[in-house]
Amino acid sequence: MPAKVYTDKDADLRVIKKKTLAIIGYGSQGHAHAQNLKDSGLNVIIGLYKKSKSAAVARKQGFEVFETAEAVERADVIMIAVPDMKQAEVYENDILPNLTEGKTLAFTHGLAIHFGLIEAPKGIDVIMVAPKGPGHVVRSQYVEGKGVPALIAINEGSSKDAKKVALAWAKGVGGTRAGVIETTFKEECETDLFGEQAVLCGGASALVMAGFETLVEAGYQPEMAYFECLHELKLIVDLMVESGISGMRFSISETAEWGDYISGPRVINAQSKKAMKAILKDIQTGKFTKNWVKEYKDGLPKYKQFIEDGQNHQIEKTGQRLRSLMPWVKKRNIKGTQASYN
Ligand code: NAP
Ligand code: MG
């Protein structure tokens with residue numbers, strides 16, 4: 001049976017209208033949830049640590065900001081929107097001691113609960129509302145009257161009201177405008193990690209960079225390679241999102257379509273799928289999370305090196321110049337404009 005897709009008519013904002021909603025963290029997801037819920041007429045407060053640089057931004061954008069423990073004390077529903085690797089510590093120190101019966105704890109990704117970094121408290125509803133898009137898009141789509149599809153999950157042992165709260169929250173952030181599907185913490189976590197690693201972030205960046213390098217190494221102008229392998233990708237993906245892969249193929253030339261059929265599988269093939277299966281396995285067994293936790297505890301040496309290498313790649317220098325010539329792209333560059341871009 002196809003999954004039930006919840007829309008605006010299935011969710012009732014009144015369920016959380018009289019409640020205080022605390023969002024802990026005001027970064028990519030946090031600012032989007034906070035602003036969308038507020039614009040939906042709900043009562044939102046922000047919880048942050050003492051010296052957080054996000055606090056001034058949240059205040060400027062019209063929110064009352066408290067230290068996390070106090071925000072939890074004041075709130076009925078508490079969403080943890082701090083980075084996954086920091087959640088356990090914040091939870092132990094500031095959330096759990098103030099999590100009295102009747103409160104709801106909410107997540108926007110299942111990792112901490114699914115892999116046991118946080119043990120779900122007993123007698124407390126634990127829910128997830130996970131928009132399937134970056135925080136800045138969750139906000140910009142909402143402002144445009146649209147919405148990013150979202151997933152909800154209700155952890156075992158929660159009351160029967162928990163789902164109504166999750167659906168109301170999903171409506172408040174704009175998710176039910178697009179469609180909301182119910183899942184589990186496990187399914188959301190594993191598919192989310194897989195998607196971002198193999199396809200959306202890891203797969204797509206590696207594909208773009210390999211294409212760019214291939215053209216540049218063959219002596220073509222980097223600017224040409226940039227337009228061809230990076231800029232135009234969005235235009236093609238927009239067609240896929242609007243009309244499916246066949247719809248995209250309908251729009252491109254016959255020559256492009258023929259090349260798609262015969263050359264696509266030369267790049268992504270049985271071997272790539274084998275690699276994807278290995279990636280999925282590492283996610284399912286917890287190996288990925290275990291290594292990521294270790295890297296975090298070690299002070300992120302590899303992570304920092306990856307960032308530096310990425311920023312120094314030729315495609316970034318080329319892109320910076322070309323994007324500066326396209327004011328509409330430049331205007332939307334989120335780097336530096338957001339609450340707490342790290
Ligand atoms: P982020 O952009 O890095 O923002 C983290 C926020 O948490 C910042 O405001 C930061 O403040 C604050 N913070 C850090 N340590 C804190 C502490 N000890 N106590 C209170 N606040 C603290 O994080 P994010 O990417 O939104 O990720 C948050 C959650 O959303 C994660 O579970 C992630 O998996 C999930 N998620 C994210 C996206 C996305 O689009 N990024 C998409 C789906 C799900 P400072 O600025 O002061 O450091
Ligand atoms: Mg993710």
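This one's a predicted model, so the numbers in the text were calculated from it and none came from an experiment. As the structure lists them, so they are numbered: ligands from 1, and atoms in each ligand from 1. Atom set for the values below is all heavy atoms of this structure, side chains included, hydrogens, waters and symmetry mates excluded. Positions are given from 1 along the sequence.
Not one N or O of His109 is nearer than 3.5 Å to an N or O of ligand 1, by distance alone. Backbone and side-chain nitrogen or oxygen atoms of Gly27 are examined, and one is located within less than 3.5 angstrom of a nitrogen or oxygen of ligand 1. Taking any N or O of Gly135, backbone or side chain, at least one lies under 3.5 Å from an N or O belonging to ligand 1.
Among Thr20, Thr104, Val72, Asn98, the single residue meeting the side chain to side chain contact (heavy atoms under 4.5 Å, CB included) criterion with Ile78 is Val72.
Summarising the contacts of atom 11 (O) of ligand 1 with Ala69, Gly30, Ser54, the nearest heavy atom is found in Ser54. Residue nearest to atom 37 (C) of ligand 1, selected from His31, Met85, Gln29: Gln29 (by heavy-atom distance). Residue Tyr49 holds the heavy atom nearest to atom 19 (N) of ligand 1 of all those in Tyr91, Tyr49, Tyr26.
Scanning both residues, Ile154 and Glu182, for their nearest heavy atoms gives CG1-OE2, 3.8 Å.
By the criterion of a heavy-atom distance under 4.0 Å, neither the backbone nor the side chain of His136 is placed next to ligand 1. Here Thr108 has heavy atoms under 4.0 Å from ligand 1 in both its backbone and its side chain. Contacts of Lys86 with ligand 1, taken as heavy-atom pairs under 4.0 Å, involve the side chain alone. When heavy-atom distances to ligand 1 are checked against a 4.0 Å cut-off, Thr68 comes that close only through its side chain, counted from C-beta outward.
Interface of Pro83 with ligand 1, defined as ligand atoms under 4.0 Å from a residue heavy atom, comprises 3 (O), 5 (C), 7 (O). The Gln87 neighbourhood of ligand 1 comprises atoms 31 (C), 32 (O), with distances under 4.0 Å to a heavy atom of that residue. Remark: ligand 1 atoms within the under-4.0 Å shell around heavy atoms of Ser52 are 11 (O), 45 (P), 47 (O). Within ligand 1, counting atoms from 1 as listed, the ones closer than 4.0 Å to a heavy atom of Val90 are 17 (C), 18 (N), 19 (N). Residue contact check: Pro134 has heavy atoms under 4.0 Å from atoms 40 (O) of ligand 1. Listed by number with element, the atoms of ligand 1 under 4.0 Å from a non-hydrogen atom of Lys53 are 45 (P), 46 (O), 47 (O), 48 (O).
For Arg59 and Tyr26, the side-chain atoms include no donor-acceptor pair closer than 3.5 Å. Residues Gln35 and His31 bring no donor and acceptor atom of their side chains to less than 3.5 Å of each other. If you check the side chains of His114 and Glu188, you find no donor sitting under 3.5 Å from an acceptor.
Distance alone, capped at 3.5 Å, places no donor-acceptor pair between the Thr289 side chain and the Gly286 backbone. In this structure a side-chain-to-backbone donor-acceptor pair under 3.5 Å is present from Ser272 to Asn269. A donor-acceptor distance shorter than 3.5 angstrom exists from the side chain of Lys17 to the backbone of Gly41, with no hydrogens or angles considered.
Lys302 forms no cation-pi arrangement with Phe306, by the criterion of a distance under 6.0 Å to the ring centre and an angle within 45° of the ring axis.
Using a 4.0 Å cut-off between charged side-chain N and carboxylate O, Lys164 and Asp125 make no salt bridge.
For Glu196, the N, O or S atom with the smallest separation from the Mg ion (ligand 2) is OE1. Taking the Mg ion (ligand 2) as reference, the nearest N/O/S atom within Asp192 carries the name OD2.
Surrounding CD of Glu64 are at most 12 heavy atoms belonging to other residues, nucleotides or ligands under 6.0 Å away.
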